[in-house]
Number of protein chains: 4
Amino acid sequence: MILVTRQGITEEELDHIRERVESLGLRTHVSRGETLTVVGCIGDEERLQHVPLLSIPGVVAAHPVMKPYKLASREFAADPTRIPLGEVEVGGRGVVVVAGPCSVEGGDMLRETAARVRAAGAHGIRGGAFKPRSSPYSFQGMGQPGLELLVDVRDTHGLPVVTEVMDTRQVELVAGYADVLQIGTRNMQNFNLLTEVGRVQRPVLLKRGMSATIKDLLMSAEYIMQQGNSQVILCERGIRTFETATRNTFDLAAIPVLKRETHLPVIADPSHAGGRRDLVAPLAFAAIAAGADGLLVEVHPDPEAAWSDGDQSLDFAEFERLMGQLAPFAEAAGRKVAPL
Amino acid sequence: MILVTRQGITEEELDHIRERVESLGLRTHVSRGETLTVVGCIGDEERLQHVPLLSIPGVVAAHPVMKPYKLASREFAADPTRIPLGEVEVGGRGVVVVAGPCSVEGGDMLRETAARVRAAGAHGIRGGAFKPRSSPYSFQGMGQPGLELLVDVRDTHGLPVVTEVMDTRQVELVAGYADVLQIGTRNMQNFNLLTEVGRVQRPVLLKRGMSATIKDLLMSAEYIMQQGNSQVILCERGIRTFETATRNTFDLAAIPVLKRETHLPVIADPSHAGGRRDLVAPLAFAAIAAGADGLLVEVHPDPEAAWSDGDQSLDFAEFERLMGQLAPFAEAAGRKVAPL
Amino acid sequence: MILVTRQGITEEELDHIRERVESLGLRTHVSRGETLTVVGCIGDEERLQHVPLLSIPGVVAAHPVMKPYKLASREFAADPTRIPLGEVEVGGRGVVVVAGPCSVEGGDMLRETAARVRAAGAHGIRGGAFKPRSSPYSFQGMGQPGLELLVDVRDTHGLPVVTEVMDTRQVELVAGYADVLQIGTRNMQNFNLLTEVGRVQRPVLLKRGMSATIKDLLMSAEYIMQQGNSQVILCERGIRTFETATRNTFDLAAIPVLKRETHLPVIADPSHAGGRRDLVAPLAFAAIAAGADGLLVEVHPDPEAAWSDGDQSLDFAEFERLMGQLAPFAEAAGRKVAPL
Amino acid sequence: MILVTRQGITEEELDHIRERVESLGLRTHVSRGETLTVVGCIGDEERLQHVPLLSIPGVVAAHPVMKPYKLASREFAADPTRIPLGEVEVGGRGVVVVAGPCSVEGGDMLRETAARVRAAGAHGIRGGAFKPRSSPYSFQGMGQPGLELLVDVRDTHGLPVVTEVMDTRQVELVAGYADVLQIGTRNMQNFNLLTEVGRVQRPVLLKRGMSATIKDLLMSAEYIMQQGNSQVILCERGIRTFETATRNTFDLAAIPVLKRETHLPVIADPSHAGGRRDLVAPLAFAAIAAGADGLLVEVHPDPEAAWSDGDQSLDFAEFERLMGQLAPFAEAAGRKVAPL
């Protein structure tokens, strides 16, 4: 931590700043410039995290020099983390695709979807049994029966299940069915939920909050990892900005920035990012080109009749076309689509 | 709902659009313009909420004309809702002030703070026993012992307690102590938590999410109200934007917009909005000038030593000065500071 | 400037960093922490402004410690700058109000508006003769005849004229008529225009760009001042964010932040910030409560018929009511409305 | 245009609304819903652009149904516009790359850069002679001598010149040297400058403003086209958001959205979008994958010594590597890198 002091700082103020920092177990190092004096704090910067440094008289700015996350950082693990998803891995050389409906609406539509996305080359199935909806009047998900339907198609088609958990009280239940626990955008900073999914041994797919910085996302991954669960898959799904032509603004650059900052795998959700069917393919191709380890794609037998997110769901033909076009992008990026 | 159709729409497509809308129990009304044709949907617009209208062939845009919230809307209740807070009311003519530390750190500091803010004219005490912290390494709150300390100062000083609940599993516990349940920024769209606080008969202070629109905030209030709890206090506390000179961007205009759109009371949190002690007073004065029903202010005996949010906490002298300056702003706005 | 180096930096890299910085005329100061080493750069930080510091091998972050603006900074001038506007001053104890139509539409409407806003207590008249419009098909302003009409009402009513200049080629022309040259939002970083208005001896009203930080705004003021014109009035008028309930997001906190950072006067434009007539009064009151030195308000004889910005223009009765309510807010803030 | 009226609208109000709209030469069509009545306006919607519709008593919302741009819209031109750049075209099947330094710093560096980027496969050279800099103390460009150096390398290496024009007074001068006139981010809504470049017969490269929506960008293109110059190349270069890990937020989805909305070519600037050298390649690949027609890339012989934007400039080896990797992405997208 570097503390910048006000112009004309007195010796008494400087002494007080140093005493305050040293009382927390760090050492200090004063550097006098031509107009400003700065105090370097040497030692465990974490101890300063909760300290109101700007409240120390004479301090006008504080610049952290250490990253606030540890377990999630690239420095912590030399090799990229690979997370098993059925018979493939997320974070290895192969690009993986998880596809399925926004919500589980019933057995027939789920079985049909599973069969078709599997045939098209998907590696996992997604589908919500518990749905976070911004209106209390919207469909809230089928609940446990939906989880049972998901397990059923996994057993039939060999498709590992990715499904959302929204409530600390549901973690045990959902973990009893799911292969990957999804934490949704609106829960990215639900710290109690992060703590609970950190205590089960199931991979977690952590979606970026719509106003979360990349650092915030990594801090939320740290919450999960700090409880002992290091199997975290990060997911870029768009952030909220002033642009209204798309549902969210897909922050493509987050993919290479995350690949540089963390050893955790990074996937993209082109369905939520664009919010429109015609944008799914270009966003998916771009994500792979930029280094993403996989995709999360909404697919529905009849998007016009979907109970949620129909406007951004692909139908089967569209999904098949997407999968057919993916391989050359993966290869251009030095990857391949993971073989089934 | 108004559906705009593509240029050159065919009769078959128009028929399909009408059938689709009418199958949901609404009537349709076609209006042919010089270049575009629009389809008006007459009836209960709520039934169209989950329908992927842009997926109906030929539809290029959909404009809702009804507000998606009902119970929270100004149309629903002719008179402003007033919510009791000890012996005063939030939403009446009197401006109310709830003050106290970010976190309950112990009995002495809490008792001292309560005595001083009460003497200065505060109407309630705030203080977190459960703390949402972006780092897992930061102080997470005292938990239940913190709640007990809060109840203790309420009994001594007659200050109703406003404290945060973060987890569906804690609602019953916290409701057993608190006079007002606070839902924090990061949980504004934790829909399960909203549902649970909707089921207890305790007023709820709902803080705006940092990327939530005003409409989103009202939809979250609707979640609580739809469960039967209509005592919701809305709180503007700043949104996330590109500006970094302040911790958040205080969206002052949200106050008069909310007063126009809803019958619920609206307060402001100038501490989180600005993130710096010197901004608390100007933001507080502005909020009252713009029509806020009250303030939520962080106060600490020794901000430099606070365990959280010290940089934005007032010390006692600063809080006393703030309270001393508030009355003329309230009066200019046709209000008064609620008498103790 | 503080340079943070990568973990495991070598002596050779450190030497190269020091040489690079010292070759620019600064001194360096190395501070070795437990895991990271930082290099302090002592001397004229301005010389590092154009240097790609992150391109020096081993440098991972650079933290400026000096403010990039000088002439605009609070440190440069002990006393607040006061800028004459007819017989009053902007930046003194009195709050000033400049009112008038968005566009000058003709002589009758301008004369009528001038008479009425003057009678209601306004200190200056605003009105655009050159209009920046996002559509090429919209009314672009009357041009020079509009300027002549403005001068005409100034002479009749004693109202100094604030009007926009959009083009470097117009500066001389507009300066021949206007008392204050307005630089609009979309030109806040039109650096050639800033340079030209810096060369004339006319006060400049500089509106904040809709995606400009407070620092950007001060850097643009610096452009003007660096040419020799130190009479710059800053204007907060809302920034662009995700919120769509208002035309812009009024960044109220910018007012006290600017008052702390600069000696220049700061006014607010509640008309553009909110974009709706009913928001003008609450935003105006809040701005005064937060310390603004004045207001810029759109007023039109018949807003429903205005050629531009009618939805946010007050009619005469509304403006008179606003002026009637302003005084107690100014007094609560330790000011007064400047007497005519 | 669809006007939504307030609940309980009276017949008198409805009549006034209709009269107002009809007086502007449109027809109206009233549709009565169960709770709300809407008024459809049939005819030339452009005539309503400047009308303050919300100021008509009883109108609570106005939804435009026509796009505000015409010449730039996909409907206006069936075929994509192709713009010649030397011997290739922007907007055809071939992907084009324009590379060069941020600023022209002198003859040697420019000649060396031109030779190397040409050898690596670039189709044009970029370089600023007039530089918009946020600080008045930064290097402002070489001016006309810089233009002469650019023309010199064009003649030697056959590289068409793309260079920025910042001031209406410079348009004639710059157009005398440049093959493509660049309008920078901060001038995207400098309407006088747009008008002037619309009057010369030179292609214009229009960079998106950092807070401009996609619609704003198309409206600025419309300004140029409406003057008679239809050769406009649009450029996505990142927008301003809350994320600070990158210089700007690259709005990748803008590329396919623009390709859907307009016939104009769309290129990307991965250098400014990411602001860091290591992000240039992934953003470039993603842009091509998403359908961009070309790239604008900053290249410098010695980025560490560059006078501006060094941190985001590639050196020659990095640019050669980028060009070497581009072809398979272009091919995966059904394109090729345009042959020299």
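Because only heavy atoms are used, hydrogens play no part in the values below, and waters and symmetry mates are left out as well, while side chains stay in. To find a chain, count down the sequence lines: A is the first, B the second, and so on, and within it residues start at 1.
- For R27(D), the part sitting under 4.5 Å from any heavy atom of chain B is the side chain, from C-beta outward, and nothing else.
- When all heavy atoms are compared, the tightest approach of M66(D) to L36(B) is SD-CD1, 3.6 Å.
- Neither the backbone nor the side chain of E243(D) comes within less than 4.5 Å of any heavy atom in chain B.
- When every heavy atom of S31(B) is checked against every heavy atom of I42(D), the shortest pair comes out as OG-CD1, 4.0 Å.
- For E45(D), no part lies under 4.5 angstrom from a heavy atom of chain B.
- Proximity to chain B (any heavy atom under 4.5 Å) is restricted, for V38(D), to the side chain, taken from C-beta onward.
- Top candidate by heavy-atom pairs under 4.5 Å with chain D, chosen from A61(B), S211(B), G43(B), is G43(B).
- For V65(B), the parts lying under 4.5 angstrom from a heavy atom of chain D are both the backbone and the side chain.
- For NZ of K215(B), the number of neighbouring non-hydrogen atoms (other residues, nucleotides, ligands) closer than 6.0 Å is 12 at most.
- No other option in H63(D), Q7(D), E75(D) has as many heavy-atom pairs under 4.5 Å with chain B as H63(D).
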